[in-house]
Protein chains: 2
Amino acid sequence: MIEEVARKLGYRSSAIARALRTQRSRSIGVLVADITNPIFPQIVKGIDEVLSAEGHTIFLCNTDENPKRQYALASSLIDRNVDGLILVSQNLQSDEFNKLLEDGPPCIYVNRRPPNPHHDYVGSDNRQAIELLVDHLVGLGHRRIGFVTGSSNSSTASERRHHFQQELEKRGIPVDERYMFQGDYTAEGGRRAFAQMIERGIDLTAVMASNDFSALGFIDAAQNHGLSIPEDISVTGFDDTAGVNNFMTYPLPIKGVTTIFQSKRELGTLAGQMMLRRLDGSVSPQEPRQAIVPVALRIRDTTGPAKAGPSMGSVATG
Amino acid sequence: MIEEVARKLGYRSSAIARALRTQRSRSIGVLVADITNPIFPQIVKGIDEVLSAEGHTIFLCNTDENPKRQYALASSLIDRNVDGLILVSQNLQSDEFNKLLEDGPPCIYVNRRPPNPHHDYVGSDNRQAIELLVDHLVGLGHRRIGFVTGSSNSSTASERRHHFQQELEKRGIPVDERYMFQGDYTAEGGRRAFAQMIERGIDLTAVMASNDFSALGFIDAAQNHGLSIPEDISVTGFDDTAGVNNFMTYPLPIKGVTTIFQSKRELGTLAGQMMLRRLDGSVSPQEPRQAIVPVALRIRDTTGPAKAGPSMGSVATG
DNA sequence: CTGTTAGCGCGTTCAA
DNA sequence: TTGAACGCGCTAACAG
């Protein structure tokens, strides 16, 4: 009866008073490195799907790859008593930041490795991914293969780079430092990589980029330079960004990039489920969990057989 | 002195206790219709830029175009004492939802119109945009122009549709209902529109789509059907999504879409500034503010002169 | 500058 | 079922 009257009067119980009293807010903070990179919203949707079904509200914050913002936002969320924190592709961090999380609520890392063994991690199988790509290219006859790395402060970038070198060694292909180009997951980084390749005067038959945007930037620069893809040089991406959704941007004169598909949504749902388990205490705090999601190779139109000779207007082989 | 000790002990003051006491949380809730559509993150960045500089924390929530989620999330944010609410492209709403906002904190609508005159609004100049597009196409000799609308529950969609018809009438071009196709801002919607055009057996020389994704979907379908763009049919987009960021997805065999550029970031910063003014009470609550942001035409490669005769394999003229 | 006190709106407990 | 009292951690107001 009283409840009815209350409702008529438009009464709403205060979530913050309840949170203050119970020390639980039924909210989860999600920190994302760059909200304009389409793979992250997709991961967030997966997280949201799992957690909002259980009555948790997600607060999404964009750190813009900025360590200061990262610290400030994590602080703010912790001070607002979020019950948990999910860090999607956050930068490797200062001791100060790690200390903050140490005393904080349960924390799950997605996509980039946690610095702290107490925290959970979910990510794609980068080793398998690189193996698939190298297999594909080597099978096409490529030996001089370049690599465009991701941002230097990303654990994913160093992982992929590491596995790339390992896969080459496994096959007895010498690793040449001049074949490595520093990228940053943007198209511009891919263009710079192409410019460096020209500058260094090296002759590659294939290049693996750390994500699709780098690959597209590289392709764009190569085409502007008069090269044909994949006839002159094969290029691979990573993420399968095109499959993310119904949206598509920045058309280029190619049909599709050979790339690695990773299930962004599954990364999110797994992270959400891990969080639920941390929240209900059904797993010991000292027992870190890891989930590694398998990936798949998507062969499209940017990879082909390696050319026998030099690929860029040098002397023709006899 | 005491402060130092407190810091050493890792003391953090509780934002929720403060919020309970002061009735101000220094946080702003932002509801977004679809976080995977790249125009929204860009708007959010603009909002964030302004508000976080003033010490406000932004909580971003994704409503997924779902009215139930929209209501639940707005409720949750209000119950958590957000100081303000920014609704980006929210669906036209139930009375229940409007009632909720009525008693809630200051509220600013972005991109889609508020149902309630007490609320502020910031959006692009859709009239000017449509005028620019129609001018461009008519100047190229087009008279039979189709239109792919946006989602039916979007005020932006109906505005654009309305202005389109007005611009045609202004120029004495008859408005034909068969030239209107129901879209939904996705590439798939654009493809369906093309299929409908074929089904209806009508012969258009140009089609205006309500956003870039619809345009790209339409173009894709047209090309698969053997048509050339813009030789057989001109197509325009809306938003200039390609200019959004460094990222690009889903390459198509065209270089760039003729479209309307709207400054997503500026929509965001304006919304942020409006919110600041509401928060410091420097504007009377009864005085709704509106900001209409000018747009610009970006002529690229998907529009060209109208063909004299039928565009699709009918009898040749003359 | 420091100490004391009251109360924000809840959930919890104990009493009726 | 209902009521009264207490405290979550903070701010504001006032006292020393």
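As rounded to whole Å, 21 Å separates atom P of C/dC8 from atom CZ of A/Arg12. When the P atom of C/dG7 is taken as reference, atom CD1 of A/Ile16 falls 19 Å away, rounded to whole Å. Atom CG of A/Asn81 is separated from atom C1' of C/dG11 by 15 Å (rounded to the nearest Å).
Residues satisfying the side-chain contact (heavy atoms from CB on, under 4.5 Å) criterion with A/Ser75, sequence neighbours excluded, are A/Tyr71, A/Leu100, B/Arg12. With sequence neighbours left out, the side-chain contact (heavy atoms from CB on, under 4.5 Å) criterion links A/Ser89 to A/Ala33, A/Phe40, A/Asn111, A/Arg112. Annotation: side chain to side chain donor-acceptor pair (under 3.5 Å) contacts of B/Arg289 (sequence neighbours excluded): B/Glu287. Taking the ring-ring contact (aromatic ring centres under 6.0 Å, His included) definition, one finds that B/His56 meets it with nothing, sequence neighbours left out.
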Both atom distances under 3.5 Å, Watson-Crick or G-U wobble: I'd like the secondary structure of DNA chain D as a dot-bracket string, with | for pairs made across strands. ||||||||||||||.|

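Salt bridge annotation for B/Glu159-B/Arg113: present, with a cationic side-chain nitrogen under 4.0 angstrom from a carboxylate oxygen. Looking at B/Asp120 and B/Arg278, a side-chain N of the basic residue comes within less than 4.0 Å of a carboxylate O on the acidic one, giving a salt bridge.
For the side-chain contact (heavy atoms from CB on, under 4.5 Å) test with A/Val88, the passing option among A/Asp34, A/Ile47, A/Leu31, A/Ile39 is A/Ile47; the others fail.
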Shorter than 3.5 Å, N or O on both sides, protein versus nucleotides 6-8 of chain D: list them out with atom names.
{"unit_1": "D/dG7", "atom_1": "N2", "unit_2": "A/Arg21", "atom_2": "NH1", "d": "3.4"}
{"unit_1": "D/dC8", "atom_1": "O3'", "unit_2": "A/Gln23", "atom_2": "NE2", "d": "3.3"}

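Atom CD of B/Gln262 and atom CG of B/Asn126 lie 7.5 Å apart (nearest 0.5 Å).
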